Amino acid sequence: MDLNHLNLFLKLLSVNYVLSDNEMAKISDRLLADDQEFLSLWQRFQDRMILDGVDNFKPFLEDLLL
């Protein structure tokens with residue numbers, strides 16, 4: 001896992017989705033524990049599109065917070 005990409009991803013999530021410190025801690029712990037999940041979500045985040053006000057990454061983010 002590239003920690004620079006992880007830190008960038010976490011920063012972008014924090015800025016784009018206005019997440020609390022608790023939410024960020026939960027996400028970072030989960031992504032640090034599973035390289036494949038991080039790589040998959042990082043790719044989905046990079047490929048996300050917002051069409052007609054619908055963000056196609058939001059369901060993946062909500063799943064991370066469960």
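All values reported here derive from a predicted model rather than from experimental measurement.
For residues 33-46, the pairs satisfying salt bridge (Lys or Arg N to Asp or Glu O under 4.0 Å) are Arg30-Glu37, with sequence neighbours left out.
In this structure Leu8 satisfies the side chain to side chain contact (heavy atoms under 4.5 Å, CB included) test together with Leu12, Trp42, sequence neighbours excluded. A search for salt bridge (charged side-chain N to carboxylate O under 4.0 Å, His left out) contacts involving Glu23 returns nothing, not counting sequence neighbours.
Side-chain atoms of Phe9 and Leu41, non-hydrogen and from C-beta on, do get closer than 4.5 Å to each other.
Put simply, CG on Leu6 and CG on Leu39 are 10.0 Å apart, with the number rounded to the nearest 0.5 Å. Here the CG atom belonging to Leu61 is positioned 8.5 Å from the CG atom belonging to Asp55, to the nearest 0.5 angstrom. Between the CZ atom in Phe57 and the CG atom in Asn16 there is a gap of 9.5 Å [rounded to 0.5 Å]. Atom OH of Tyr17 and atom CG of Leu64 lie 11.0 Å apart (nearest 0.5 Å).
Under the 4.5 Å side-chain heavy-atom criterion for Ile, Leu, Val, Met, Phe, Trp and Tyr, Leu3 and Met24 are members of the same hydrophobic cluster.
By the neighbour-count criterion of 12 heavy atoms within 6.0 Å, atom CG of Asp29 is densely surrounded, having more than that number from other residues, nucleotides or ligands.
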